[in-house]
Peer 1: 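One structure coming up, written as structure tokens, with questions to follow.
Here, residue 1 is the first one in the sequence, and each next residue gets the next number.
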Amino acid sequence: MFRVLFLAIFFGSSWALYPSRGSVVELTPSNFDNLVIKGDEIWIVEFFAPWCGHCQNLVPEYTKAANALKGIVKVGAVNADEHKELAGRYEVRGFPTIKIFGTNKYKPEDYQGARNAEGLVNAGLSAAKTKAKSALNGGSSSSGSSSSDSSDDVIELTDSNFDKLVLQSDDMWLVEFFAPWCGHCKNLAPHWAKAATELKGKVKLGALDATAHKEKASLYEVQGYPTIKYFAPGAKTSSSAEEYNGGRTSSEIVQWALDKLADSVPPPEVTQITSEEQFNEQCTKTPLCVVAVLPDILDCQSTCRNEYLKTLAKVGEKFKKKMWGWVWAEAGVQSELENALDIGGFGYPALAVISTKKMKCAILRGSFSADGIYEFLRDLSYGKGHTAPVKGQQIPKIQSTPAWDGKDGVLPVEEDIDLSDVDLDDSKQEL
């Protein structure tokens, strides 16, 4: 009893078991993430208590393994009695606990082998072999990223870059505050990565390790993991964050984000087709594009045309969450486009919807009115509309044309003909 009490007092506040300059690396909360999680190397890590007899007995074998694996696998040790938070992260319940941080640093494996140098070396070499095969087959050779299974589309956030990337941007952001040891965070990671890819170009998804970047985690009162905050598009302040209250699957995250994005953006602008570049911007970068062909300005003056444009804008607002493109052209100006969509020649106004990705289109057969267009688009969005291939299976040639000036059309002025030198007296004509 006296010996145990002595060891507890003597070792309780010191490193004790392993020399500071030896092959076994001392790991603490201040260096653990940088060395183990973010590093490229395989790590074998022992969580020990200085007073633990089994830990003391392991020291010579553990040191021998560290020397043998030098340059191949890193070997470290954590004084779990002194660094309880770090031990808690990995649910250490007894001593010694040995974990192998291999291909996926966020899911370390429990070492179950013999507590001798040979068993430890074999386990380290096996982990290194698995990692090398993963890299050879196209997998990442390093797992030190912001959250497990993350993709390049998930942006790693830190205390130092958070303000610049999130608060000082006009983009909409969803930010996950996670802890590397959190099981729920690990389960969320693949869904978060997939959602980030699907939302690319619309909504930015970030991830911040709240255990390493405590300033922002504290500012946003992060109490549990994962915590997700929403930052609306436009100007932001540090108090702009709102709680995310959606689901945790990729589809739920995407739908929630798109709903929020649609709520925050103005109704789509119905723009005139004036160039190929303008058409591509509106119609090739959106899921669907609504194309209206309005009567010639001489057949439908400015008041008439503006009423049609108001109708399109009104319907466009109801479908703004779809993020479609909305364009119009004057009858006959974009003849190749009309022909490709099969809407030319049967009267104006006319309307069609085109998917430039699938090269399919659908034509409005009913009334060119707010209700008629809405019902047509609603049925189409539910998959009920009739579609047909775009003629030629390619985007037709778009003509460059000046934008409408908003004025009424004017008939061309006819040139006066001077008939003063023409003798119109029929009586003088010879038979």
Side-chain angles (χ1 to χ4, degrees), residues 262 265 267-302 304-404 409:
V265 298
E269 183 180 357
V270 184
T271 59
Q272 182 183 1
I273 302 172
T274 56
S275 66
E276 182 177 358
E277 181 181 3
Q278 183 268 343
F279 177 83
N280 289 339
E281 182 67 29
Q282 291 293 319
C283 294
T284 65
K285 298 181 180 180
T286 54
L288 294 176
C289 188
V290 180
V291 181
V293 182
L294 304 182
D296 187 286
I297 192 64
L298 294 177
D299 297 327
C300 173
Q301 295 285 5
S302 59
C304 169
R305 178 174 288 183
N306 283 325
E307 284 301 317
Y308 285 135
L309 293 175
K310 286 178 183 178
T311 296
L312 292 170
K314 181 180 179 180
V315 180
E317 184 171 8
K318 294 180 179 179
F319 287 92
K320 67 177 184 176
K321 290 184 179 181
K322 302 293 185 180
M323 308 297 286
W324 294 342
W326 291 73
V327 296
W328 69 275
E330 186 174 37
V333 174
Q334 302 295 344
S335 57
E336 293 189 37
L337 176 62
E338 291 185 39
N339 181 61
L341 301 180
D342 200 23
I343 57 175
F346 63 82
Y348 304 100
L351 184 138
V353 174
I354 180 175
S355 167
T356 57
K357 293 179 176 63
K358 297 180 179 180
M359 279 300 152
K360 289 188 175 182
C361 62
I363 304 169
L364 172 67
R365 301 293 185 184
S367 168
F368 194 100
S369 63
D371 290 340
I373 297 171
Y374 174 79
E375 290 176 6
F376 165 66
L377 296 178
R378 180 197 59 194
D379 289 347
L380 195 63
S381 65
Y382 289 155
K384 297 180 180 179
H386 174 73
T387 62
V390 174
K391 289 184 179 179
Q393 287 295 285
Q394 62 182 1
I395 298 174
K397 181 176 177 58
I398 301 298
Q399 301 295 329
S400 295
T401 182
W404 177 46

Peer 1: Could you list all the ring pair (Phe, Tyr, Trp, His ring centres under 6.0 Å) pairs where at least one residue sits in residues 351-370, not counting sequence neighbours?
Peer 2: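 Residue pairs passing ring pair (Phe, Tyr, Trp, His ring centres under 6.0 Å), neighbours aside: Tyr308-Phe368.
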
Peer 1: Name all pairs fulfilling the salt bridge (Lys or Arg N to Asp or Glu O under 4.0 Å) condition that reach into residues 373-382, sequence neighbours left out, sorted by first residue then second.
Peer 2: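 Every candidate salt bridge (Lys or Arg N to Asp or Glu O under 4.0 Å) pair involving residues 373-382 fails, so no pair, neighbours aside, qualifies.
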
Peer 1: Return a table of donor-acceptor pairs under 3.5 angstrom between the side chains of residues 386-396 and protein atoms on other chains or two or more places apart.
Peer 2:
residue: Gln393; atom: NE2; partner: Met359; partner atom: O; Å: 3.2
residue: Gln393; atom: NE2; partner: Val390; partner atom: O; Å: 3.0

Peer 1: More than 12 heavy atoms of other residues, nucleotides or ligands under 6.0 Å from NZ of Lys384: yes or no?
Peer 2: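 Open: at most 12 neighbouring heavy atoms sit under 6.0 Å from NZ of Lys384.
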
Peer 1: Less than 4.5 Å apart, side chain to side chain, heavy atoms only: is that true for Val315 and Phe376?
Peer 2: no

Peer 1: Considering residues at least two apart in sequence or located in another chain, which fulfil the disulfide (SG to SG under 2.5 Å) criterion with Cys300?
Peer 2: Cys304

Peer 1: Could you give all pairs that pass the side chain to side chain donor-acceptor pair (under 3.5 Å) test and reach residues 275-294, with sequence neighbours left out?
Peer 2: Thr271-Gln278, Glu281-Lys285

Peer 1: So how far is it from Leu288 CG to Ser381 OG, rounded to the nearest 0.5 Å?
Peer 2: 9.0 Å

Peer 1: Nearest 0.5 Å, what's the CD-OG1 distance between Gln272 and Thr401?
Peer 2: 6.0 Å

Peer 1: Between atom CG of Asp296 and atom CD of Gln301, what is the distance when rounded to the nearest 0.5 Å?
Peer 2: 9.0 Å

Peer 1: If I compare all heavy atoms of Ala350 with all of Gly347, which pair ends up nearest, and what's the gap?
Peer 2: CB-O, 3.9 Å

Peer 1: Ignoring hydrogens and geometry, is there a side-chain-to-backbone donor-acceptor pair from Thr356 to Cys283 under 3.5 Å?
Peer 2: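 Here the side-chain-to-backbone pair exists.
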
Peer 1: Between Val293, Ile343, Leu294, Leu364, which is the residue that forms a side-chain contact (heavy atoms from CB on, under 4.5 Å) with Pro349?
Peer 2: Leu294

Peer 1: Using only atom types and a distance under 3.5 Å, with no angle test, would you say the side chain of Glu336 pairs donor to acceptor with the backbone of Ile398?
Peer 2: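 Absent.
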
Peer 1: Output all residues satisfying side-chain hydrogen bond (donor to acceptor under 3.5 Å, both in side chains) with Ser302, sequence neighbours left out; order by chain, then residue number.
Peer 2: Asp408

Peer 1: Nearest 0.5 Å, what's the CG-CG distance between Leu341 and Leu337?
Peer 2: 4.5 Å

Peer 1: Mind checking side-chain contact (heavy atoms from CB on, under 4.5 Å) for Lys358 and listing every partner two or more places apart, or none if nothing turns up?
Peer 2: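 Here the qualifying residues are Ser355, Lys360.
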
Peer 1: Roughly how far, to the nearest 0.5 Å, is CG of Asn306 from OG1 of Thr311?
Peer 2: 10.5 Å

Peer 1: Would Phe319 and Val290 count as a side-chain contact (heavy atoms from CB on, under 4.5 Å) here? Give the steps.
Peer 2: CA-CA 11 Å; Phe319 287 92; Val290 180; over 6 Å; no

Peer 1: Please table the atom pairs, donor to acceptor, closer than 3.5 Å between any side-chain atom in residues 323-334 and protein atoms at least two apart or in another chain.
Peer 2:
residue: Glu330; atom: OE2; partner: Ile297; partner atom: N; Å: 2.7
residue: Glu330; atom: OE2; partner: Arg305; partner atom: NH2; Å: 2.9
residue: Gln334; atom: OE1; partner: Gln399; partner atom: N; Å: 2.8
residue: Gln334; atom: NE2; partner: Gln399; partner atom: O; Å: 2.8

Peer 1: Apply side-chain contact (heavy atoms from CB on, under 4.5 Å) to the pair Leu312 and Leu351, showing each step before the final yes or no.
Peer 2: CA-CA 10 Å; Leu312 292 170; Leu351 184 138; 3.6 Å; yes

Peer 1: Hey, is CD on Glu269 packed in by over 12 heavy atoms from elsewhere, all under 6.0 Å?
Peer 2: no

